[in-house]
Amino acid sequence: MDFNLSEEQQLLKDSVDRFILDDYDFEKRRKTSSTDDGFSRDNWKTFAELGWLAVGLPEEYGGFGGPIETMIVMEAIGRGLVTEPYLPTVVLGAGLVVEAGTEEQKTEILGAVAEGNCMLAFGYAEPTSRFNLADVTTKAEEQGGGYVLNGHKSVVYGAPSADRIIVSARTSGGVRDRDGISLFIVDNNAKGVSRRDYPTADGLRASEVMLENVEVGADAMLGAEGAALPVIEKVVDRGIAALCSEAVGCMEMLKDETNEYLKTRKQFGVPIGKFQVLQHRMVDCFIELEQSRSMTYMVTLKLDEDEKERRKAASSAKAQIGKGGVFIGAQSVQMHGGMGMTDELKISHYYKRLMQIDTMFGNRDWHLKQFAALTQ
Amino acid sequence: MDLAFSPAEQAFREEVRAFLDAELPDDLRDKVRHRRELQREDYLRWQRILHARGWIAGSWPKEHGGCEWTPAQRHIFDEESHAADAPPLLPFGLQMVGPVIYTFGRPDQKEYFLPRLLSGEHWWCQGYSEPGSGSDLASLQTAAVRDGDDYVINGQKIWTSLAHHADWIFCLVRTRKEGKHQEGISFLLIDMKTPGITVRPLVLMDQGHHVNEVFFENVRVPVANRIGEENKGWTYAKFLLGNERAGIAEVAWNKKLLQRLKEMAADTPASGDRLLDDALFSRKVAETEVKLTALEYCNLRILAAMQEGSPPGGEASMLKLLGSEVTQAITELTVEALGYYAAPYEMADHAPGSNWSPVGPEAAEGVMGQHLFMRAITIAGGSSEVQKNIIAKMVLGL
């Protein structure tokens with residue numbers, strides 16, 4: 001039992017932490033997040049140069065590291081409230097290709113991702129699916145050796161800037177059947193793909209992606225026909241672990257900022273941190289953070305266990321992170337008083353991100369229900 | 001980073017498991033499983049079995065009769081003991097006064113007290129709290145006035161767990177009234193048979209006799225029974241409170257309680273289904289299990305840090321806080337699972353020779369009593385609010 005980072009991991013951590021500290025201060029982040037892209041392509045290049053876009057990819061495609069390295073990068077992303085689409089591209093998109101791709105697909109995509117020349121997004125949700133990954137109505141019909149896609153993928157993070165969007169679509173079976181779901185790699189500018197792009201409450205970019213008679217070749221299919229759900233679940237569980245790490249970064253930043261504020265803000269002639277009611281609230285935040293960090297380590301280290309253990313780990317971690325994140329976010333706003341409400345202070349921005357993190361890949365209720373079913 | 005225990009630790013787990021299989025008497029196992037009150041002799045029987053195996057004091061140094069187990073080994077021992085329904089080891093001697101004696105005691109004190117403590121010949125209780133000194137322990141008033149080679153003790157202790165079984169009590173007493181509260185306290189070892197000591201039961205809401213008031217009226221205690229220096233008792237008391245806190249989260253015991261709750265809920269019919277399938281009930285169980293999992297991994301992180309030589313600071317308070325909350329959530333849900341059968345209650349059923357036969361499902365036995373008694377764990381040993389004060393000060397610097 002050991003919770004220490006290896007020497008290489010520590011070096012990676014130092015490098016991402018230094019970047020966030022030196023080159024990603026909140027004012028810079030505010031500027032880049034209000035551009036059309038919502039992020040900086042220069043930063044993306046830097047990520048590529050520093051090797052962060054290769055994290056978790058197989059070595060033969062220029063990659064290195066695994067879940068722990070992803071955790072390290074994502075925690076820093078959380079601390080800096082980074083808007084570059086790392087999760088959609090590296091963790092989800094490239095993750096799906098690693099898991100299910102053919103040799104050709106891997107060669108074509110993974111190297112480009114690592115070099116910063118390919119951005120990805122993953123469209124799995126639909127207007128009626130809520131959090132159920134098997135609830136897929138988007139259709140893929142065979143036609144002339146390829147497929148024709150029709151459907152609507154909702155709130156696809158990273159889609160506006162993605163070169164390719166990976167979508168789930170039904171090749172057979174009924175709406176919520178576990179079997180019959182396939183994955184397709186679709187060029188973002190393919191004929192029949194239309195998007196409505198928008199900013200999200202947490203300052204990122206997402207799209208409604210409409211697929212209308214989009215014709216793709218057979219080589220666009222990712223993995224075996226009709227058998228994509230286990231792959232999606234596996235990669236989403238890695239996404240959950242990554243998101244938990246990001247949330248821990250957000251929570252830690254809020255905890256530090258708020259604790260500092262309690263020591264410096266004076267009312268009634270004393271720092272407000274002298275008031276026991278606020279001390280205890282702050283302790284509650286600290287404990288939520290520690291629990292969230294512990295659960296993040298747990299899920300990160302259990303991603304390669306058998307399916308049941310992995311899903312238990314992911315659902316329990318996500319349930320904790322959703323609860324803890326929103327709690328710390330809301331309490332940080334509260335303890336900052338009126339200033340916590342402002343757009344100027346970064347506090348509310350972290351709160352907004354933590355709210356989206358709670359929802360993404362299924363909220364607390366969803367995961368408690370999954371966890372209950374897995375542990376009865 | 002790696003969650004696995006080392007091969008040596010896994011082998012140790014097998015060894016502990018085999019020992020428990022062979023040596024833990026069925027009737028003790030049964031009592032624990034049925035949440036029946038353990039009698040003095042029950043505790044002592046198990047203590048003697050462990051003592052014979054050399055496993056009574058996992059954390060103690062070998063030179064004092066301990067095993068010098070690593071934090072991970074202690075954790076494994078706890079896990080396996082709870083999984084097997086072994087009686088708990090009471091902390092008053094083994095975790096509290098023992099380490100104080102071997103750390104701060106004189107050679108003759110060590111030689112006399114430690115072997116008797118380990119063998120169970122001396123049953124220890126803890127004389128800390130007083131009627132006017134609960135969370136504010138340092139304000140204690142029980143006076144020890146020097147008279148020749150003795151101290152003369154007058155005052156009262158309260159909430160003294162199992163004092164009615166005890167042979168000895170370790171006490172914080174006031175040896176100086178002037179100055180800071182903390183700087184006038186001494187640490188004394190007192191024979192419970194000394195004239196002038198009266199033990200009076202305090203019956204708690206579960207009708208059980210767990211705690212007592214202990215009165216001291218002109219009790220003469222040899223100065224030789226003092227630990228360390230006069231007026232330095234607070235230092236030893238703090239050492240005691242900070243010692244051996246890794247097990248404080250009670251992860252293994254909580255797991256056992258949760259497993260039994262789920263078994264019970266699976267056996268309980270509810271509108272034609274199992275209670276465990278009831279959406280609202282299962283949600284509460286799942287929430288509790290998630291919290292327990294988070295606690296388990298917080299505990300492992302702190303354990304791993306202890307393995308590397310960093311003692312837990314304010315984090316131990318977090319473990320105590322969370323562990324006690326989880327226990328209360330589980331016992332509350334267990335009562336809830338019983339429905340109407342939580343109501344039949346007769347404390348005498350736990351007493352030897354009682355004619356009371358349990359009512360309702362077998363698993364109902366002892367559930368209400370345990371739940372009621374467990375309300376104490378967020379109060380005793382530093383209330384949850386005091387734990388939060390400690391974290392605010394030690395960890396957050398507020």
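By convention in this document, chain letters (A, B, ...) are assigned in the order of the sequence lines, proteins followed by strands, and residues within each chain are numbered from 1. All values derive from a computational prediction rather than experimental measurement.
Looking at A:Val283 and B:Met318, their side chains never come closer than 4.5 Å, going by heavy atoms from C-beta outward. Here the side chains of A:Ile287 and B:Leu321 are in contact, with some heavy-atom distance below 4.5 Å. For the pair A:Arg364/B:Glu287, no side-chain contact is recorded, criterion being any heavy-atom separation below 4.5 Å from C-beta on.
Proximity to chain B involves both the backbone and the side chain of A:Asp365, based on heavy atoms less than 4.5 angstrom apart. For a residue to count as touching a neighbouring chain, one of its non-hydrogen atoms must lie under 4.5 Å from one of that chain's; by this rule A:Lys274 touches chain B with the side chain only. When heavy atoms are compared at a cutoff of 4.5 Å, A:Ile68 approaches chain B solely by way of its side chain, counted from C-beta outward. For B:Ala4, the part sitting under 4.5 Å from any heavy atom of chain A is the backbone (N, CA, C, O) and nothing else. Looking at A:Lys255, only its side chain comes within 4.5 Å of chain B, counting heavy atoms on both sides. For a residue to count as touching a neighbouring chain, one of its non-hydrogen atoms must lie under 4.5 Å from one of that chain's; by this rule A:Phe3 touches chain B with backbone and side chain alike. Interface residue A:Arg293: backbone and side-chain heavy atoms are both found under 4.5 Å from chain B.
Formation of a donor-acceptor pair under 3.5 Å by the B:Lys262 side chain with backbone atoms of A:Thr375 is found in this model.
Ranked by heavy-atom pairs shorter than 4.5 Å toward chain A, the options B:Leu396, B:Asn389, B:Asp277, B:Val395 are led by B:Leu396. The greatest number of non-hydrogen atom pairs below 4.5 Å with chain B, out of A:Lys312, A:His280, A:Lys323, is found for A:His280. Chain B forms the most heavy-atom pairs under 4.5 Å with one residue out of A:Gln376, A:Gln279, A:Gln320, and that residue is A:Gln376.
A salt bridge links B:Arg301 with A:Glu290: the closest approach of a Lys/Arg side-chain nitrogen to an acidic carboxylate oxygen falls below 4.0 angstrom.
Closest of all the heavy-atom pairs between A:Lys263 and B:Gly397 is CE-O, 3.3 Å. The heavy-atom pair separating B:Leu3 from A:Met1 by the smallest distance is O-CG, 4.0 Å. Heavy atoms only, all atoms of each residue included: A:Gly273 and B:Leu398 are closest at O-CB, 3.8 Å. Residue B:Val290 comes nearest to A:Ser316 through the heavy atom pair CG1-O, 3.5 Å, listed as atom of the first residue, atom of the second, then distance. The two atoms that bring B:Cys298 and A:Ser294 nearest to each other are SG-OG, 3.1 Å, heavy atoms only.
Distance check: B:Met1 CE to A:Gln9 CD gives 7.5 Å after rounding to the nearest 0.5 Å. Between the OH atom of B:Tyr297 and the OG1 atom of A:Thr296 there is a distance of 13.0 Å, given to the nearest 0.5 Å. With rounding to the nearest 0.5 Å, the separation of CD in A:Gln291 from CD in B:Glu296 is 13.0 Å.
Remark: A:Phe64 CZ is packed, more than 12 non-hydrogen atoms of other residues, nucleotides or ligands lying under 6.0 Å away. Within 6.0 Å of atom NZ in A:Lys302, more than 12 heavy atoms from other residues, nucleotides or ligands are found, so the atom counts as buried in its surroundings.
If you check the side chains of A:Asn4 and B:Glu308, you find a donor sitting under 3.5 Å from an acceptor.
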(message) As a quick check of understanding, evaluate side-chain contact (heavy atoms from CB on, under 4.5 Å) for A:Lys369 and B:Arg283, giving each step before the final call.
(response) CA-CA 7 Å; A:Lys369 205 167 159 185; B:Arg283 185 203 161 104; over 6 Å; no

